[in-house]
Amino acid sequence: MEGDLDARIEQHIESWLTPSVLFDLSGRFQRDGFIKVREIYPDEIRESVREEVLLLLEKNAERRDLLLETTGNTPRFMSVVRSEFIAAQGELINRLYRSQPLIAALERIAGEKLYACPAADEEFLITRQEKKGDTHGWHWGDFSFALIGLIDTPPLEVGGMLQCVPHTKWDKSNPRIHEYLCANPITTYGFVPGDFYFLRTDTTLHRTVPLNEDARRIILNLTWAGERDLRGAPKGDDRWWENSEAQAASAVQD
């Protein structure tokens with residue numbers, strides 16, 4: 001897989017992303033801020049990503065149990081692998097993040113150019129939910145686009161689905177999440193291991209449904225910026241995945 005990774009991705013995407021598929025995906029992405037793109041990688045690449053993610057978790061996982069003020073004190077209950085560890089140890093993930101055929105396909109779907117994330121701590125993130133009650137509570141992203149791979153996910157009756165409210169805006173000083181939830185439909189998406197989805201993270205309010213029993217939900221998150229994101233650094237000390245003692249984070253004790 002070493003030398004021909006980009007060529008293999010390009011060949012695979014050319015056969016998958018036909019004009020009719022692109023028309024459908026781009027339309028739904030603009031409408032919903034979300035699309036499943038499981039087919040964006042060949043099976044063997046998705047399996048290699050899974051192996052690398054599990055190895056990185058085994059070596060580097062750090063637990064987070066906190067509430068975040070800038071999203072109305074919604075919870076973050078999970079383990080994480082920080083971006084710098086993935087950057088240093090995740091050879092395949094790094095190559096995929098910079099794959100020009102992959103980025104070009106996402107740009108065609110998004111209808112705009114994608115840029116490498118200007119905040120190094122947001123390029124990559126691995127999360128693992130595993131305990132009853134684990135969740136990534138309602139939130140937005142500081143940057144516009146994320147490609148997220150479901151490494152493991154439990155059956156639907158256990159939870160772990162993604163819920164989204166598109167076309168919303170994050171005001172960190174007044175997030176008004178409950179108002180958005182009352183005023184807009186909430187769409188819920190289920191997954192199976194190996195799925196990928198593309199998300200407009202800065203304008204799509206989203207969360208994972210809490211696990212109702214001990215189970216394993218593992219994701220890999222790759223983040224890119226839009227041109228609008230390059231005009232200034234994100235505001236607020238709320239980077240909880242990088243620093244569990246961020247000013248906006250308050251720890252939750254067992």
Side-chain angles (χ1 to χ4, degrees), residues 29 32-35 62-83 117-119 121-131 133-150 153 159-191 197-211 217-226 228-229 233-252:
F29 187 72
D32 301 331
F34 168 97
I35 50 168
E62 302 173 4
R63 182 72 191 180
R64 299 285 189 269
D65 289 282
L66 53 87
L67 307 178
L68 198 67
E69 182 181 6
T70 52
T71 56
N73 289 307
T74 54
R76 310 293 187 271
F77 300 155
M78 68 193 81
S79 296
V80 303
V81 178
R82 288 185 275 147
S83 186
C117 191
D121 64 328
E122 289 212 43
E123 285 185 334
F124 316 108
L125 184 67
I126 295 168
T127 73
R128 180 179 65 207
Q129 299 175 20
E130 55 195 325
K131 300 179 181 179
D134 275 4
T135 181
H136 193 157
W138 289 108
H139 66 287
W140 294 266
D142 280 312
F143 298 98
S144 292
F145 302 107
L147 179 66
I148 295 171
L150 277 294
T153 187
M161 301 85 75
L162 180 74
Q163 295 188 303
C164 293
V165 182
H167 307 293
T168 51
K169 182 179 180 180
W170 189 11
D171 178 348
K172 291 189 178 186
S173 64
N174 184 23
R176 302 174 64 182
I177 286 176
H178 288 172
E179 292 180 50
Y180 278 127
L181 298 180
C182 289
N184 297 279
I186 302 168
T187 306
T188 303
Y189 303 98
F191 305 99
Y197 64 90
F198 188 40
L199 187 66
R200 177 67 192 266
T201 53
D202 63 332
T203 57
T204 305
L205 175 62
H206 55 286
R207 75 155 187 170
T208 63
V209 174
L211 300 178
R217 184 188 194 274
I218 297 171
I219 68 158
L220 168 67
N221 186 330
L222 308 179
T223 296
W224 290 272
R228 69 191 71 80
D229 303 320
K235 298 177 181 178
D237 182 10
D238 60 357
R239 308 176 89 72
W240 59 272
W241 59 92
E242 179 68 16
N243 177 15
S244 62
E245 297 182 357
Q247 185 177 357
S250 56
V252 175

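Below, all heavy atoms of this structure are taken into account, side chains as well, without hydrogens, waters or symmetry copies. The model shown is predicted, which means the values in this text are computed figures rather than measured ones.
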Tell me the closest heavy-atom pair linking [X] and [Y], and the distance in Å.
{"X": "Trp224", "Y": "Leu222", "result": "CZ3-O, 3.6 Å"}
{"X": "Pro166", "Y": "Gly33", "result": "CB-N, 4.3 Å"}
{"X": "Gly159", "Y": "Leu211", "result": "C-CD2, 4.1 Å"}
{"X": "Asp238", "Y": "Trp241", "result": "O-CZ3, 4.1 Å"}
{"X": "Thr127", "Y": "Leu125", "result": "CG2-CD2, 3.6 Å"}
{"X": "Pro210", "Y": "Gly133", "result": "CB-O, 4.1 Å"}

Q) Can you tell me if Thr208 and Gln129 form a side-chain donor-acceptor pair at under 3.5 Å? A) yes
By side-chain hydrogen bond (donor to acceptor under 3.5 Å, both in side chains), Ser144 pairs with (sequence neighbours left out) Asp202, Arg228, Asp229
Residues passing the side-chain hydrogen bond (donor to acceptor under 3.5 Å, both in side chains) test with Thr71, sequence neighbours excluded, are Thr74, Arg76
If the plane angle is over 60° it's perpendicular, under 30° parallel, otherwise tilted; pick one for Tyr189 and Phe34. parallel
Check your understanding: Should the pair Trp170 and Trp140 be assigned to parallel (<30°), tilted (30 to 60°) or perpendicular (>60°) ring geometry?
Key -> parallel
- Task: Apply the test side-chain contact (heavy atoms from CB on, under 4.5 Å) to residues Phe191 and Ile148: give CA-CA distance (whole Å), side-chain angles for both, the deciding distance (0.1 Å), then the verdict.
- Result: CA-CA 11 Å; Phe191 305 99; Ile148 295 171; over 6 Å; no
Can you check side-chain contact (heavy atoms from CB on, under 4.5 Å) on Leu150 and Arg217, steps first, answer last?
CA-CA 8 Å; Leu150 277 294; Arg217 184 188 194 274; 4.0 Å; yes
Q | Whether over 12 other heavy atoms sit under 6.0 Å from Gln247 CD | A | no
The ring-ring contact (aromatic ring centres under 6.0 Å, His included) partners of His206 (sequence neighbours excluded) come to His139
For Phe198, the ring-ring contact (aromatic ring centres under 6.0 Å, His included) test, sequence neighbours excluded, returns Phe29, Phe145
Do [X] and [Y] make a side-chain contact, defined as non-hydrogen atoms from C-beta onward lying under 4.5 Å apart?
{"X": "Glu122", "Y": "Asp142", "result": "yes"}
{"X": "Phe143", "Y": "Pro234", "result": "yes"}
{"X": "Cys164", "Y": "Leu199", "result": "yes"}
{"X": "Glu130", "Y": "Ser79", "result": "yes"}

Straight-line distance of [X] [atom1] to [Y] [atom2], nearest 0.5 Å:
{"X": "Ile126", "Y": "Ile218", "atom1": "CD1", "atom2": "CD1", "result": "9.0 Å"}
{"X": "Thr203", "Y": "Lys169", "atom1": "OG1", "atom2": "NZ", "result": "11.5 Å"}
{"X": "Ile35", "Y": "Arg200", "atom1": "CD1", "atom2": "CZ", "result": "13.0 Å"}
{"X": "Leu68", "Y": "Trp240", "atom1": "CG", "atom2": "CH2", "result": "8.5 Å"}
{"X": "Gln163", "Y": "Thr188", "atom1": "CD", "atom2": "OG1", "result": "3.5 Å"}
{"X": "Arg82", "Y": "Glu242", "atom1": "CZ", "atom2": "CD", "result": "5.0 Å"}

With sequence neighbours left out, the residues meeting salt bridge (Lys or Arg N to Asp or Glu O under 4.0 Å) with Asp121 are Arg239
* **Carboxylate-amine/guanidinium proximity below 4.0 Å for Arg63 and Asp65** => yes
Exercise. Can you check whether Gly236's main-chain N or O pairs, donor with acceptor, with Lys172's side chain at less than 3.5 Å?
Worked result: no
Asn174 side chain to Asp171 backbone, donor-acceptor under 3.5 Å: no
With sequence neighbours left out, the residues meeting side chain to side chain contact (heavy atoms under 4.5 Å, CB included) with Glu179 are Arg176
